[in-house]
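Worksheet: one structure, shown below.
Protein chains get the first letters and strands the later ones, always in sequence-line order, with residue 1 at the start of each.
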2 protein chains.
Amino acid sequence: MRQASVQSVSNVDRIYQAVKEMAIGFRFKPGERLNEVELSKRLGASRTPLREALNRLGAEGFITFEGGKGFFCREFGPREIYELYQLRSVLEEAAVRLVCELASDAELDELDRFLVETGPDDGGRSNEALVALDEHFHETLMDLTRNAEMRRILRNVNARIKFFRWIDMERRRGETQDEHRMILAALRERNADLCAERMRRHIERRLDQITGAIKEGYSRIYLSGR
Amino acid sequence: MRQASVQSVSNVDRIYQAVKEMAIGFRFKPGERLNEVELSKRLGASRTPLREALNRLGAEGFITFEGGKGFFCREFGPREIYELYQLRSVLEEAAVRLVCELASDAELDELDRFLVETGPDDGGRSNEALVALDEHFHETLMDLTRNAEMRRILRNVNARIKFFRWIDMERRRGETQDEHRMILAALRERNADLCAERMRRHIERRLDQITGAIKEGYSRIYLSGR
DNA sequence: GCATATAACACTGTATACAATTTACACGGC
DNA sequence: GCCGTGTAAATTGTATACAGTGTTATATGC
């Protein structure tokens with residue numbers, strides 16, 4: 001074996017993370033077959049652990065699998081994006097209603113602190129950083145539901161739409177955080193209907209912007225190097 | 001290789017299905033480690049395809065995985081059941097609202113036909129059959145949302161709670177179908193709020209019954225043989 | 001008798017070899 | 001020129017071997 005186990009970060013996990021990030025960032029072209037030999041060489045491992053990672057990623061929807069053919073980069077059209085955003089909306093609207101009832105004032109304080117510390121945007125942040133902050137807000141909110149399953153699904157969905165969030169963030173840097181503050185304000189009022197409405201609109205607006213962005217700039221996505 | 005490919009049903013798929021059904025039916029004891037050598041022998045394959053199947057099942061939440069230790073039967077307490085039912089409730093409540101808007105009259109007719117043909121219960125059906133009908137109703141409803149992601153998640157959740165549905169069905173054979181009919185009636189009225197309310201109560205009642213059943217009969221689950 | 005160290009065992013993690021299948025390509029017929 | 005066919009190369013699917021790690025049983029000292 002290559003190296004002494006560096007505790008808790010197994011080889012498959014490393015490969016899994018690496019390929020996951022490639023899939024998230026669309027370093028593979030949609031529909032492209034993933035060559036196992038080449039990939040495993042590039043990642044410094046044999047095909048066995050690579051295939052285990054690919055099987056996990058397939059089960060999680062990051063890549064697809066066809067028996068006898070192998071693994072492929074997922075195809076992504078407006079339909080798939082819409083479905084994932086709809087799922088997000090359903091989950092987060094329900095989450096915010098639950099959090100309205102469940103969260104302690106202290107937990108909301110902490111969320112508030114996060115928004116204050118990380119905003120408003122002074123223009124000095126990278127898109128990656130802004131996307132990470134956006135994800136962090138939504139995932140922290142979901143954590144407050146205390147429902148591990150819902151958390152797991154939201155994280156999965158967020159990873160799969162990350163690229164499109166990134167595209168969106170390039171154009172609308174400011175709005176996101178304002179809307180987050182409005183959602184928190186509704187949470188403070190413990191007004192479930194208002195929370196849900198604001199969350200729904202928040203996600204809906206993002207989707208509208210992204211479908212727009214996709215239409216005009218889809219080609220840019222797959223340029224060389226990225 | 002063992003046999004000529006019988007078209008589209010690969011070996012890993014077969015193993016995957018077999019182990020999945022074992023996990024669903026709790027043929028493994030919670031927390032038990034799955035011995036790969038023994039399992040692979042029992043399924044007539046080597047460890048390689050078995051491990052691929054196990055990785056998929058782990059990613060889907062049917063079993064757990066611990067680096068360096070292997071795969072284990074999931075542990076299941078009231079908390080996990082509650083979370084899965086809450087997730088179900090969130091998904092299906094949203095689904096029924098969507099279906100209220102999206103479904104054609106013809107599609108609702110078909111759902112109606114299904115309910116008429118398969119009910120009311122004459123007492124001659126097995127629990128397995130009743131659970132299958134129950135699942136079928138809910139999954140067909142979810143199909144009408146035309147959202148493949150939400151469909152996928154509901155099917156996953158249903159598989160994971162199947163055993164508890166089965167326990168519940170043993171006691172309350174009749175109510176389920178009545179409630180299904182009431183939900184369909186609300187769909188026909190295109191009354192989204194009423195649909196959502198009935199669906200929410202429907203799932204909530206099931207959860208109440210199951211937590212009750214669990215308390216009094218948990219031990220019976222792990223008796224020999226089944 | 002109990003705790004601890006240690007050695008034997010069992011099991012997982014990974015590389016590799018080979019079989020089976022798919023894919024690419026060249027050739028020949030139409 | 002285009003389509004079908006056959007052959008070769010590439011690629012996936014699986015078995016197996018072995019290394020490394022975790023687990024358990026045994027023996028030893030207190």
Looking at B:Arg33 and D:dG22, is any side-chain donor or acceptor paired with a base atom of the opposite kind under 3.5 Å?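 Donor-acceptor pair under 3.5 Å: no.
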
Problem - Candidate list B:Arg42, B:Lys41, B:Arg51, test salt bridge (charged side-chain N to carboxylate O under 4.0 Å, His left out), partner B:Glu36, passing option - result: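 By the salt bridge (charged side-chain N to carboxylate O under 4.0 Å, His left out) criterion, B:Glu36 pairs with just one of B:Arg42, B:Lys41, B:Arg51: B:Arg51.
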
Please state whether the rings of [X] and [Y] are parallel, tilted or perpendicular, taking 30° and 60° as the class boundaries.
X: A:His180; Y: A:His202; answer: perpendicular
X: A:Phe164; Y: A:Phe26; answer: perpendicular
X: B:Phe71; Y: B:Phe65; answer: tilted

Where the side chain of [X] is concerned, which of [options] is the nearest nucleotide?
X: A:Pro49; options: C:dG13, D:dT14, C:dA15; value: C:dA15
X: A:Asn35; options: D:dT11, C:dT14, D:dT14; value: D:dT11
X: B:Glu36; options: D:dT11, C:dG13, D:dA15; value: C:dG13

**OP:** Compute whether any side-chain donor of one residue and acceptor of the other, for A:Asn156 and A:Glu60, lie under 3.5 angstrom apart.
**Re:**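 Judged by distance alone, the side chains do not pair up.
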
| said: Under 4.0 Å, heavy atoms only, any strand: does A:Leu39 hit a base, just the sugar-phosphate, or nothing? | reply: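 Result for A:Leu39 = nothing.
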
Look at all strands and tell whether A:Leu54 reaches a base, only sugar-phosphate, or nothing, counting heavy atoms closer than 4.0 Å.
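Touches nothing.
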
Are OP1 or OP2 of [N] and a side-chain N or O of [X] less than 4.0 angstrom apart?
X: B:Asn11; N: D:dG13; answer: no
X: A:Thr48; N: C:dT14; answer: no
X: A:Arg51; N: D:dT12; answer: no

Whole-Å gap separating [atom2] ([N]) and [atom1] ([X]):
X: B:Asn55; N: C:dT14; atom1: CG; atom2: C1'; value: 13 Å
X: A:Arg47; N: C:dT16; atom1: CZ; atom2: P; value: 12 Å
X: B:Leu50; N: D:dA15; atom1: CG; atom2: P; value: 10 Å
X: B:Glu52; N: C:dT12; atom1: CD; atom2: P; value: 16 Å

Exercise for the section: Taking all non-hydrogen atoms of both residues into account, name the closest pair between B:Val96 and B:Leu141 and its distance. Expected result: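 In this case the closest contact between B:Val96 and B:Leu141 is CG2-CD2, 4.2 Å.
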
query = Just how far is it from atom CG of B:Asp168 to atom CD of B:Gln209, taken to the nearest 0.5 Å?
reply =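 The CG atom of B:Asp168 sits 5.0 Å away from the CD atom of B:Gln209.
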
Requested in this report: Could you check which residues of residues 61-71 of chain B get a heavy atom under 4.0 Å from DNA chain C? Sort them by number, please.
Outcome: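 Within this stretch, B:Phe65, B:Gly68, B:Lys69 sit under 4.0 Å of the strand.
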
